[in-house]
Visitor: 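My questions will all concern the structure given below.
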Amino acid sequence: MHEYSIVQALLERVDVEARARHAVAVARVRLAIGRLAGVESELLRSAFEIARTGTCCADAELEVRDVEPCWRCRDCGTELAAGDVLRCPACGAAARLASGDEIVLESLELEVA
Ligand SMILES: [Zn+2]
């Protein structure tokens with residue numbers, strides 16, 4: 001499943017970060033997930049519960065923040081509201097997705113010995 005491979009990659013990334021900072025454990029993991037990323041946050045949470053056993057995230061809390069999609073004009077950068085026609089009201093050029101399809105590790109709370 002898609003969510004399991006995301007969680008595997010996340011745990012590897014967190015492990016690298018935790019080691020680099022000499023942490024003994026991870027207390028909290030904050031993720032930002034775009035609504036267009038194609039990720040079910042409930043599935044992601046259950047995948048995290050299973051996959052974290054035996055890792056530095058064994059007792060970590062997972063926080064997931066949903067990010068609303070945002071479109072911008074590719075020419076002049078004007079931001080378009082969700083639900084608008086995907087054409088710039090200022091110059092008429094086509095819009096592109098500026099955010100909303102990303103998965104970002106926003107922050108970590110680490111326990112250091
Ligand atoms: Zn424009």
Side-chain angles (χ1 to χ4, degrees):
M1 240 187 338
H2 183 53
E3 280 75 10
Y4 279 91
S5 44
I6 292 169
V7 164
Q8 286 301 341
L10 172 69
L11 288 171
E12 282 168 25
R13 167 85 190 282
V14 170
D15 187 59
V16 168
E17 301 284 339
R19 279 173 200 272
R21 288 164 182 76
H22 308 289
V24 291
V26 178
R28 195 181 299 268
V29 177
R30 286 198 191 87
L31 282 185
I33 299 181
R35 289 202 192 277
L36 302 180
V39 174
E40 283 286 339
S41 50
E42 282 316 304
L43 282 180
L44 193 79
R45 279 177 196 285
S46 31
F48 183 78
E49 293 296 320
I50 294 163
R52 68 181 180 166
T53 307
T55 73
C56 61
C57 290
D59 296 314
E61 259 187 72
L62 179 66
E63 279 186 20
V64 177
R65 186 170 70 84
D66 291 318
V67 179
E68 295 298 333
C70 166
W71 283 270
R72 282 183 191 282
C73 170
R74 66 176 79 240
D75 284 351
C76 71
T78 298
E79 193 174 311
L80 283 76
D84 274 5
V85 177
L86 292 183
R87 194 157 285 282
C88 176
C91 73
R96 67 179 169 78
L97 190 65
S99 65
D101 60 350
E102 70 277 50
I103 300 171
V104 178
L105 177 57
E106 282 198 317
S107 69
L108 290 174
E109 277 176 30
L110 302 173
E111 286 170 24
V112 181

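All figures in this text were calculated on a predicted structure; none of them were measured in a lab.
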Visitor: Go through the steps for Thr55 and Asp15 under the test side chain to side chain contact (heavy atoms under 4.5 Å, CB included), then give the verdict.
Guide: CA-CA 8 Å; Thr55 73; Asp15 187 59; over 6 Å; no
Visitor: Could you tell me whether Arg30 and Glu106 have a side-chain N and a carboxylate O separated by less than 4.0 Å?
Guide: no
Visitor: Got a second to check how far Cys88's SG is from Arg72's CZ, nearest 0.5 Å?
Guide: 11.0 Å
Visitor: Checking Arg28 side chain against Glu61 main chain: does a donor-acceptor pair fall under 3.5 Å?
Guide: no
Visitor: Working to the nearest 0.5 angstrom, can you tell me the gap between Arg35 CZ and Ser41 OG?
Guide: 8.0 Å
Visitor: Restricting to salt bridge (Lys or Arg N to Asp or Glu O under 4.0 Å), what partner residues turn up for Arg13, sequence neighbours left out?
Guide: Glu17
Visitor: Counting only N and O atoms by type, is there a donor-acceptor contact under 3.5 Å from the side chain of Glu3 to the main-chain atoms of Glu40?
Guide: yes
Visitor: Please say whether more than 12 non-hydrogen atoms of neighbouring residues, nucleotides or ligands are located less than 6.0 Å from CG in Asp59.
Guide: no
Visitor: Restricting to non-hydrogen atoms, name the atom on Ala27 and the atom on Glu111 that form the minimum distance, rounded to 0.1 Å.
Guide: CB-OE2, 3.7 Å
Visitor: Do the side chains of Val104 and Val39 join up, straight or via other hydrophobic residues, at under 4.5 Å, putting them in one cluster?
Guide: no
Visitor: Can you tell me how far CG of Leu44 sits from NE2 of His2, rounded to the nearest 0.5 angstrom?
Guide: 9.0 Å
Visitor: Distance check, rounded to the nearest 0.5 Å: Glu79 atom CD versus Cys73 atom SG?
Guide: 12.0 Å
Visitor: Work out which heavy atom in Ala47 is nearest to a heavy atom in Val7; give both atom names and the distance.
Guide: CB-CG2, 3.7 Å
Visitor: Does Ile6 share a hydrophobic cluster with Val26, counting links as ILVMFWY side-chain heavy atoms below 4.5 Å and allowing steps through other members?
Guide: yes
Visitor: Quick one: do Cys91 and Thr78 satisfy side chain to side chain contact (heavy atoms under 4.5 Å, CB included)? Show the steps, please.
Guide: CA-CA 9 Å; Cys91 73; Thr78 298; over 6 Å; no
Visitor: Is it the case that the side chain of Arg45 and the backbone of Leu62 share a donor-acceptor pair, with hydrogens and angles ignored and the cut-off at 3.5 Å?
Guide: yes
Visitor: Transitively linked via ILVMFWY side-chain contacts under 4.5 Å: Leu86 with Leu36?
Guide: yes
Visitor: Of all the heavy-atom pairs spanning Trp71 and Ala95, show the shortest one and how long it is.
Guide: CB-CB, 4.3 Å
Visitor: Atom CZ of Phe48 and atom OG1 of Thr53: how far apart are they, to the nearest 0.5 Å?
Guide: 10.0 Å
Visitor: With side-chain contact (heavy atoms from CB on, under 4.5 Å) as the test, pick out the partner of Val64 among Ile103, Val29, Ile33.
Guide: Ile33
Visitor: Donor-acceptor check, side chain of Glu102 to backbone of Gly100, threshold 3.5 angstrom: yes or no?
Guide: yes
Visitor: Side chain of Arg52, backbone of Ala60: donor and acceptor closer than 3.5 Å?
Guide: yes
Visitor: So, taking the atom named CG in Leu31 and the one named CG in Leu108, what distance separates them when rounded to the nearest 0.5 Å?
Guide: 9.0 Å
